[in-house]
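Working notes for the structure below.
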Number of protein chains: 2
Amino acid sequence: MTKRAPSIRDVAIAAGVSTATVSRTLSSPEVVSEKTRETVYRAISETGYRLNVMARNLRRRETGAIAVLLPNLGNPFFAKILSGIAEVMSAAGYNVLITDTTPTSPDDHRFPEYFSHNQTDGLIVLDGMLNRELLLNRGTPEVRAPMVFACEWIDEIERPKVTIDNRAASERAVSHLIELGHRRVGHVCGPPDNVLTVTRRQGTREALQAAGLPCRDDWFYAGDFSLQSGADAARRWCETPDRPTAVHCASDEMAMGFIGELHRRRVRVPEDVSVVGFDDLEITAHFIPPLTTIHQPRVEIGRAAARMLLERMRIPPQDRQRGPVPRLVLPVELVERLSTAPPPVDARQNAG
Amino acid sequence: MTKRAPSIRDVAIAAGVSTATVSRTLSSPEVVSEKTRETVYRAISETGYRLNVMARNLRRRETGAIAVLLPNLGNPFFAKILSGIAEVMSAAGYNVLITDTTPTSPDDHRFPEYFSHNQTDGLIVLDGMLNRELLLNRGTPEVRAPMVFACEWIDEIERPKVTIDNRAASERAVSHLIELGHRRVGHVCGPPDNVLTVTRRQGTREALQAAGLPCRDDWFYAGDFSLQSGADAARRWCETPDRPTAVHCASDEMAMGFIGELHRRRVRVPEDVSVVGFDDLEITAHFIPPLTTIHQPRVEIGRAAARMLLERMRIPPQDRQRGPVPRLVLPVELVERLSTAPPPVDARQNAG
DNA sequence: ACGGTTGATGTAATCGTTTACAAGTACCAT
DNA sequence: ATGGTACTTGTAAACGATTACATCAACCGT
């Protein structure tokens, strides 16, 4: 008894033409005569016809969707990137499938299945900690959907990517602290093995070394980008004898967790210690104190990654190996707000 | 020259059976003999076969995907809800399409097309401000994909929904302030016309009236759930003569924006004014001061909405009109942290 | 020995499009 | 009249699965 949705055949009958003509009216109107076109359009609105995307995609051997793999949907950092991706992708007629790669259960190995070659036309990977095999063993090269990295990446996998210069960014953050007069500068790191952790730590080191300042292991606090790990780092900072007067956190969330915990322990920012974050989340401007941080052009990162993927999807699979692998490095800038200030006077006296 | 991905036919040939048998081995293994099953499994791994979802869905007249419509991906409030939805939905074999309903450009009317009946098997709507017509004119009832509301909803549209008791929640928040001794209590509202705005404002009013306290229009500040609007409200609060000693904000983001701006103006929370938020975002526990707020079970809201939708999708379209429309109201609780305290002494003296 | 039941498999239609190819028409130059 | 273009349109074969129905073998009780 369930009536079916009208199909292209119903339109064809209503218009008195063949299904081929209807199809052509829709996908390449310029080849059908004006008169027929009108008739078909009328028939379409009469019947209330809507294209069945599944059928089209089956025939065209496409899926009409791309997938985005990200480590943590809960992190507001990704929201704007997703907007950028969605903006470009839906303009190009693609759906965007978002997949949080943190397994909900320990035995959650469904997602290699998920993004096997015939589920999506392309992949944007925002997670550099994914299993390499998983990413590579997605069917034979001929049928594998193209992939681009954004923000994070995996060194061993040569793929198009759009990133920022993390090393230079952290260098800039630390230089800022040094310019303010800080001589003892610490760093709260991201999760171990993460590329961002490595490059940002390196930038921090290089800035310190370039200024001839100490680069002490006990001033590099472990973390994992989360609020909680920032708070934990604050606890360890408090216990550090001879502790740094300024800290550069590898993410805004850690910076906020750090400052939050310090506040609970009656340590003031920036009076007692300066903090520079990384990312420039919306909330940081409203935080107490407003956070000095590295601004990332997140929407633009998303847009660029999407455009790059679109580009790659256009290249036939067998040619994709050839030619240079596109790279894009977007500029970042330091946003000075109120979480940084010259070091406290007593600390300045202590310094060499 | 591009080699094709192996199809069910290749497997059938390799196993020396018909495609029907292969299909059955995959979708209802119990009906094929053990011997054949083995052979087919072997053939599958030999050929590296992967099911083509598009083909299956076309044949089954499903899309294998559901869509989530939300007002703002950037709002961290939605992230956990999405996790909950994704958890249940992908366990059930569905993809989750996330759509931010804020138009990227003024003429962005692409999405009525987007969620027309044949694009998704179901809809979860987290945005109560959507155009009613848009939501209802999605093809004939027989082919329309089922829809459930979560968090927000539209009163005129009778659909399954999972919510919290917003009225009671705000009542609880305000009672807490009254118990602390506050006599002048304000409210920062959400966007006009939003159901959450209305119900939370109502809860606030009722708590005040029940306690015999004044309910003054100039203590109800306009807002739109955003950080910025919270900051704006703070500005107006400062200008209010005879202002409230406590404020209940209809969202955590507004509460944080409110407090941030107050801090900039040297007004202390909770010493000078108490603030209660709504939502219990992760960050609020790390905010300065940690925020007293209403906790929403966000993951569970997502899960429940997903389960409810799955349920509805099982019912044949023509029967969906019949029977009661399921409703689920999840419990919330007040989380007391440090942004609330008894009113300042001078204010207490002023009070009746 | 025979009809009936059960279980396993194959045959072929179907889902709703797209598109290579064929075919038809109109027009023009020869 | 003939053949050649240039346009339009139609015919029918894909795309890769699922599934109703038919078939067939094996087994059982009488």
Side-chain angles (χ1 to χ4, degrees), chain A residues 2-41 43-44 47-64 93 113 116-119 121 139 142-143, chain B residues 2-41 43-44 47-64 93 116-121 139 142-143:
Chain A
T2 39
K3 232 186 311 172
R4 270 199 205 156
S7 81
I8 199 172
R9 169 152 278 118
D10 300 312
V11 179
I13 293 171
V17 298
S18 74
T19 60
T21 301
V22 178
S23 174
R24 279 190 283 253
T25 309
L26 258 26
S27 47
S28 34
E30 70 281 3
V31 309
V32 328
S33 75
E34 171 145 3
K35 197 161 69 77
T36 328
R37 223 185 302 158
E38 298 282 296
T39 324
V40 171
Y41 283 143
I44 287 179
T47 53
Y49 168 73
R50 325 219 65 162
L51 176 72
N52 180 321
V53 200
M54 310 296 289
R56 171 209 288 238
N57 289 343
L58 172 59
R59 177 58 227 241
R60 290 210 180 147
R61 319 168 108 249
E62 294 170 353
T63 71
E113 185 76 24
S116 86
H117 61 84
N118 45 22
Q119 296 262 20
D121 296 338
E142 292 89 357
V143 295
Chain B
T2 39
K3 232 186 309 171
R4 269 198 206 154
S7 82
I8 200 172
R9 169 151 277 115
D10 301 310
V11 179
I13 293 171
V17 299
S18 74
T19 60
T21 302
V22 178
S23 174
R24 280 191 282 253
T25 310
L26 257 27
S27 48
S28 34
E30 69 282 3
V31 309
V32 327
S33 76
E34 171 142 5
K35 196 158 70 75
T36 328
R37 223 185 302 156
E38 300 280 296
T39 324
V40 171
Y41 283 144
I44 286 179
T47 52
Y49 167 74
R50 324 219 67 164
L51 176 71
N52 182 321
V53 200
M54 310 294 291
R56 171 208 289 237
N57 289 342
L58 172 58
R59 177 57 227 242
R60 290 207 180 150
R61 319 168 107 245
E62 294 171 353
T63 71
S116 87
H117 61 85
N118 47 18
Q119 296 259 19
T120 56
D121 297 338
E142 292 88 0
V143 295

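Here is how names work: the chains are called A, B, and so on, in the same order as the sequence lines, proteins then strands, and each is numbered from 1.
Nearest heavy-atom pair across Val40(B) and Ala15(B) is CA-CB, 4.2 Å.
Side chains of Thr36(B) and Ser33(B): a donor-acceptor N/O pair is present below 3.5 angstrom, by distance only.
When the P atom of dG16(D) is taken as reference, atom CG of Asn57(B) falls 15 Å away, rounded to whole Å. If you measure from atom CD of Glu62(B) to atom P of dG16(D), you get 20 Å, rounded to the nearest angstrom. Put simply, CZ on Arg61(A) is 10 Å from P on dA17(D), counting in whole angstrom units. Rounded to an integer number of Å, the gap from CD of Glu38(B) to C1' of dA8(C) is 16 Å. The distance from atom CD1 of Ile44(A) to atom P of dT17(C) is 10 Å, rounded to the nearest whole Å. Protein atom CE of Met54(B) is 12 Å distant from nucleotide atom P of dA17(D), rounded to whole Å. The interatomic distance linking Ile8(B) (CD1) with dT14(C) (C1') rounds to 15 Å, in whole Å. Rounding to whole angstrom units, CG of residue Leu26(B) and P of dT18(D) are separated by 7 Å.
Phosphate contact (OP1/OP2 of dC15(C), side-chain N/O of Arg9(A), threshold under 4.0 Å): absent. Regarding contacts with the backbone of dG16(C), every side-chain N or O of Arg50(A) stays at 4.0 angstrom or more from both OP1 and OP2. Contact annotation: Ser23(B) reaches the phosphate of dT18(D) (side-chain N/O to OP1 or OP2, under 4.0 Å).
No hydrogens or angles were tested; on distance alone, a donor-acceptor pair under 3.5 Å links the side chain of Arg59(B) to the base of dT14(C).
You'll find the side chain of Arg4(A) reaches within 4.5 Å of the side chain of Arg61(B), heavy atoms only. Within the 4.5 Å cutoff, side-chain heavy atoms of Ser27(A) are placed close to those of Arg60(A). You'll find the side chain of Ile44(A) reaches within 4.5 Å of the side chain of Leu26(A), heavy atoms only. Using a 4.5 Å heavy-atom cutoff, the side chains of Arg37(B) and Glu34(B) are in contact.
For the segment residues 27-37 of chain A, the set of residues with a heavy atom within less than 4.0 Å of an atom of DNA chain D comprises Val31(A), Val32(A), Ser33(A), Thr36(A), in numerical order.
Along DNA chain D, the nucleotide nearest to Arg56(B) and the one nearest to Ser18(A) differ in position, and the one closer to the 5' end is contacted by Ser18(A).
Under a 3.5 Å cut-off, the side chain of Ser28(B) and the backbone N or O of Glu30(B) do not form any donor-acceptor pair. Side-chain atoms of Asp121(B) do not come within 3.5 Å of backbone N or O of Glu62(B) as any donor-acceptor pair.
Candidate nucleotides dT18(D), dT18(C), dG10(C) were compared by shortest atom distance to the side chain of Val17(B), and dG10(C) ranks first. Checking dT19(D), dC15(C), dG16(D) against every side-chain atom of Arg4(A), the shortest atom distance belongs to dC15(C).
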Pull out every protein N or O sitting under 3.5 Å from an N or O of nucleotides 20-26 of chain D, one pair per line with the distance.
none

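Across Val17(A), Thr25(A), Val22(A), a single residue satisfies side chain to side chain contact (heavy atoms under 4.5 Å, CB included) together with Val32(A), and that is Thr25(A). Thr19(A) pairs in a side chain to side chain contact (heavy atoms under 4.5 Å, CB included) with only one of the listed residues (Ile8(A), Asp10(A), Ile13(A)), which is Ile8(A).
Note on the helix from dA1(C)-dT30(D) to dT30(C)-dA1(D): terminal axis deviation equals 60°, with five pairs used at each end and the result rounded to 10°.
Rounded to the nearest 0.5 Å, atoms CZ (Arg24(A)) and OG (Ser18(A)) are 6.0 Å apart. Rounded to the nearest 0.5 angstrom, Asn57(B) CG and Met54(A) CE are separated by 3.5 Å.
Within 4.0 Å (heavy atoms only), Val22(B) reaches no atom of the nucleic acid at all.
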